[in-house]
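Shown next, in structure tokens, is the structure this report addresses.
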Amino acid sequence: MKIEKPKGTRDFYPQDMAWQNYITDAWRRVSIRHGFEEVDGPIFEKLDLYKVKSGDGIVSELFSFRRENGTTDFALRPEFTPTLARMVADKANSLPKPVKWFTIPNLCRAERPQRGRLREFLQWNVDLLGLEGELADAETILVAVDFLRELGVTPEHVRVKISHRDVVRNILIKLGVAEENILDAFNLLDRRDKMEVEDFEKAAMKLGLDEHRVQRFQEACRSRYRTGSLGSLCKAIGMPEEDVKELQELDDKLHALGIAEWCEYDLGIVRGLAYYTGVVYEIHESSGAERALAGGGRYDNLINLFGGPKMPAVGFGMGDVVLSNLLRDKGLIPENVAPRPDVYVIAVSDAGSEKVLPLIADLRAKGLHARFSYKTTKNMGRLLKEAVGSKAKFACILDDAEATAQVKNLDTQEQVEVGIDEIAKYLHENL
RNA sequence: GUGACUGUAGCUCAGUUGGUUAGAGCACCGCGUUGUGGUCGCGGGGGUCGGGGGUUCGAAUCCCCUCAGUCACCCCA
């Protein structure tokens with residue numbers, strides 16, 4: 001009987017796993033050097049945890065279950081933020097501030113798979129809590145940008161699109177959108193690029209905007225502004241600079257951190273969910289072809305909502321699927337992401353064969369990644385080919401010589417004779 | 001949940017208006033080239049042609065259904 005793997009899941013063969021590790025290693029390395037500490041939580045939570053902030057609408061898109069004869073509903077985690085909020089709320093008073101945490105959870109969502117979206121995926125989360133001011137927002141953006149830079153991505157490849165929920169809300173209200181229609185208006189903004197202009201206008205008018213105001217709505221939210229030009233943004237949409245002072249502070253910090261050229265303001269970015277409270281941002285491939293590479297923003301009410309104190313919070317998530325698409329399309333996949341063996345031991349005579357296993361054990365005990373051939377052939381050409389195929393840095397050739405071996409650098413083709421007892425030392429010095 | 005497209009070996013694909021026992025390259029396994037690199041040569045395993053039904057003397061090929069995958073919509077935490 002053949003059982004297929006569940007829809008939208010992946011099997012990780014060695015090559016796939018090496019690639020996955022390449023990404024997660026970089027996520028971890030970059031997080032740590034920016035002063036973030038790794039955390040994790042359960043892979044499933046009580047279903048209620050996901051209802052607190054999102055409501056029931058989201059429930060159909062998650063994998064939920066109940067133990068046989070049990071009474072509690074659980075769900076595989078579709079995101080990490082609720083778990084994080086719970087963890088922070090639980091120990092809010094004893095955690096040193098600010099809280100700088102990162103995590104690399106696998107998440108599950110019961111959606112139909114398509115490009116850039118699977119039912120199980122990895123998502124890097126970086127969150128900074130308990131720090132007032134826009135430096136916090138800027139620092140999370142810095143972490144994301146630094147990561148992308150580390151993998152060879154440039155400002156030409158991607159744009160960090162920044163917006164602010166209150167700014168957009170102000171514009172909408174000034175244009176005459178009623179308070180109770182604000183979320184619908186956000187939603188409309190979010191989808192604007194997928195809609196025909198006519199449909200967009202029709203939907204906008206439903207929210208209470210006349211023809212003239214739809215036009216201004218369009219102008220305000222479809223334009224992009226460079227960093228350092230918030231003044232002209234205000235002028236263009238007729239807004240006092242006072243109303244964008246948080247964005248201005250963020251702007252200053254982005255310049256101070258040297259990442260302003262990666263960023264731009266795009267008031268069409270609002271993010272889907274209701275819990276964001278201030279700055280929101282998404283990272284997109286420049287042409288806009290892919291879905292968002294990362295998304296985040298400020299959620300100052302969430303810790304409070306989960307029973308903790310009121311605490312400022314900002315963070316983002318980046319999924320591995322869209323990231324991999326981007327890196328592949330931009331030709332940014334390194335040739336070797338799997339670990340290279342330090343040395344490949346081969347025997348080209350019967351006497352040499354006797355020495356293989358003791359040498360292998362010795363090399364490995366001394367911390368070297370050492371491999372050998374399971375074949376019985378003594379054909380040196382064939383064995384060297386196998387060594388090269390393994391991507392080993394050195395080959396160690398054992399022959400009839402009593403106490404020495406030939407150690408060959410497979411990259412440079414240099415070959416030297418080394419005493420068998422000295423091989424580990426030689427390799428450590430020359431790797 | 002809706003729609004479009006695609007299913008032949010692990011991968012990329014051939015396969016004549018329907019006609020013998022379904023093929024190639026790469027990959028994998030083995031051997032040889034009797035001691036220095038991705039060669040070359042020989043050999044091998046592996047496919048109920050996604051599955052089921054139908055038309056036909058005969059189906060990978062034509063028709064219907066179904067399953068899976070991809071992409072788009074919905075949604076996107």
Side-chain angles (χ1 to χ4, degrees), chain A residues 1-11 13 15 45 49-62 75-85 105 107-119 121 123 125 186-187 190-191 194-196 199 270-276 280 282 289-297 299 302 315-319 321-322 325 344 346-352 374-401 405-416:
Chain A
M1 177 164 62
K2 186 185 175 186
I3 298 178
E4 286 152 340
K5 73 177 155 57
K7 187 194 293 294
T9 61
R10 293 172 288 183
D11 291 329
Y13 291 89
Q15 244 186 332
E45 290 271 11
L49 185 77
Y50 302 114
K51 290 182 175 173
V52 170
K53 70 164 203 206
S54 318
D56 291 350
I58 224 75
V59 170
S60 64
E61 308 230 307
L62 33 101
L76 295 178
R77 57 186 178 189
E79 59 172 330
F80 189 76
T81 307
T83 299
L84 177 117
L107 306 178
C108 295
R109 301 178 183 174
E111 299 171 299
R112 198 84 164 251
Q114 56 184 281
R115 182 174 174 81
R117 181 204 271 178
L118 297 172
R119 286 185 158 192
F121 55 96
Q123 191 186 70
N125 280 242
F186 280 173
N187 205 345
D190 210 25
R191 293 183 330 190
K194 282 184 183 170
M195 299 177 73
E196 298 294 327
D199 293 337
V270 289
R271 309 277 305 142
L273 219 66
Y275 67 79
Y276 286 111
V280 289
E282 290 181 352
E290 302 283 347
R291 62 183 60 240
L293 179 63
Y299 50 98
L302 204 60
F316 71 85
M318 177 186 292
V321 184
V322 178
N325 284 344
Y344 206 97
I346 65 180
V348 294
S349 73
D350 289 336
Y374 294 95
K375 291 187 169 64
T376 55
T377 180
K378 303 291 186 297
N379 182 321
M380 187 178 297
R382 177 176 294 279
L383 291 167
L384 276 173
K385 182 177 166 182
E386 199 173 323
V388 168
S390 79
K391 302 282 201 285
K393 296 170 190 165
F394 286 87
C396 177
I397 303 161
L398 294 168
D399 52 22
D400 288 332
Q406 303 294 323
V407 175
K408 179 168 188 172
N409 183 319
L410 292 173
D411 293 331
T412 65
Q413 311 205 25
E414 286 172 275
Q415 183 169 318
V416 295

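A note on names: the letters A, B, ... follow the listed sequences, proteins ahead of strands, and every chain is numbered from 1. For clarity, every value in this text was computed on a predicted model and none was experimentally measured.
A:Arg291 contributes a side-chain N or O that forms a donor-acceptor pair with the base of B:C76 under 3.5 Å. Residue-to-nucleotide contacts include no donor-acceptor pair under 3.5 Å from the side chain of A:Asn379 to the base of B:U34. Side-chain atoms of A:Arg117 come within donor-acceptor range of the base of B:C75, with a qualifying N/O pair under 3.5 Å. Contact annotation: side chain of A:Arg382 to base of B:G35, donor-acceptor pair absent below 3.5 Å.
Between the CD atom of A:Gln415 and the C1' atom of B:G37 there is a distance of 12 Å, rounded to whole Å. Protein atom CD of A:Glu111 is 17 Å distant from nucleotide atom P of B:U2, rounded to whole Å. Summarising the geometry, the separation between CG on A:Leu76 and P on B:A77 is reported as 19 Å, rounded to the nearest angstrom. If you take CZ of A:Arg119 and P of B:A68, they are 10 Å apart, rounded to a whole angstrom. Taking atom OH of residue A:Tyr50 and atom P of nucleotide B:C76, one finds them 17 Å apart after rounding to whole Å. Following rounding to the nearest Å, A:Glu282 (CD) and B:C76 (C1') show an atom-to-atom distance of 10 Å. Atom CD of A:Glu61 and atom C1' of B:A77 are 10 Å apart (whole Å). B:G37 atom P lies 18 Å from atom CZ of A:Phe394, rounded to whole Å.
Rounded to a whole angstrom, the distance from the P atom of B:G53 to that of B:G10 is 23 Å. Nucleotides B:U8 and B:G69, compared at atom P, are 14 Å apart to the nearest Å. Nucleotides B:A4 and B:C57 are separated by 34 Å at their P atoms, to the nearest Å. With C1' as the reference atom, B:U6 and B:U12 are 15 Å apart, rounded to whole Å. Taking atom P in both B:G44 and B:G35, the straight-line distance is 27 Å, to the nearest Å. Rounded to the nearest Å, the gap between the C1' atom of B:G15 and that of B:A24 is 11 Å. Rounded to whole Å, the C1' atom of B:G54 lies 24 Å from the corresponding atom of B:G47. Between the C1' atoms of B:A9 and B:A14, the separation comes to 13 Å (whole Å).
Relative to the side chain of A:Arg271, the nucleotides B:A77, B:U2, B:U36 differ in distance, and B:A77 lies closest. For A:Tyr275, the listed nucleotide lying nearest its side chain is B:A77; candidates were B:C73, B:A77, B:G35. Closest to the side chain of A:Lys391, from the set B:A72, B:C76, B:G38, is B:G38. Closest contact between the side chain of A:Thr376 and the listed nucleotides B:A77, B:C31, B:U70 involves B:C31.
For the atom pair CG (A:Leu107) and CZ (A:Arg119), the distance works out to 15.0 Å, reported to the nearest 0.5 Å. One distance of note links CZ of A:Arg115 with CG of A:Asn325; it measures 4.0 Å at 0.5 Å rounding.
Heavy atoms only, all atoms of each residue included: A:Ala405 and A:Cys396 are closest at CB-SG, 3.8 Å. The minimum heavy-atom distance linking A:Phe316 with A:Ala294 is given by the pair CD1-CB, 4.4 Å.
With contacts defined as side-chain heavy-atom distances shorter than 4.5 Å, the pair A:Tyr50/A:Thr83 qualifies. Using a 4.5 Å heavy-atom threshold, the side chains of A:Asn409 and A:Val416 count as separate. You'll find the side chain of A:Lys7 reaches within 4.5 Å of the side chain of A:Pro113, heavy atoms only. Inter-residue side-chain proximity for A:Glu61 and A:Glu111 is flagged as met; some heavy-atom pair is nearer than 4.5 Å.
Using a 3.5 Å distance cut-off with no hydrogens or angles, the side chains of A:Tyr344 and A:Glu386 do pair a donor with an acceptor.
Contact annotation: A:Gln413 side-chain N/O to B:G37 OP1/OP2 distance is not under 4.0 Å. For A:Lys385 and B:U39, the shortest distance from a side-chain N or O to OP1 or OP2 is below 4.0 Å. Phosphate contact (OP1/OP2 of B:G37, side-chain N/O of A:Lys408, threshold under 4.0 Å): absent. Listed pair A:Gln114 / B:C71 fails the phosphate criterion, with no side-chain N or O lying under 4.0 Å from OP1 or OP2. A sub-4.0 Å separation between OP1 or OP2 of B:A72 and a side-chain N or O of A:Arg115 is absent. The phosphate of B:G69 (OP1 or OP2) has a side-chain N or O of A:Lys7 nearer than 4.0 angstrom.
Of the residues near RNA chain B, A:Pro113 and A:Asp399, the one whose nearest nucleotide (by heavy atom distance) lies more toward the 5' end is A:Asp399.
When the side-chain hydrogen bond (donor to acceptor under 3.5 Å, both in side chains) test is applied to A:Ser349, the partners found at least two apart in sequence or on another chain are A:Asp400.
Within 4.0 Å (heavy atoms only), A:Asn125 reaches no atom of the nucleic acid at all. Contact annotation for A:Leu410: base contact, defined as any heavy-atom pair under 4.0 Å involving a base atom. Among the protein residues, A:Ile397 comes within range of the nucleic acid bases, having at least one heavy atom under 4.0 Å from a base atom.
Annotated stems with RNA chain B as a participant read B:1-7 with B:67-73, B:10-13 with B:23-26, B:28-32 with B:40-44, B:50-54 with B:62-66, given as range with range, by first number; only runs of 3 or more Watson-Crick or G-U pairs under 3.5 Å qualify.
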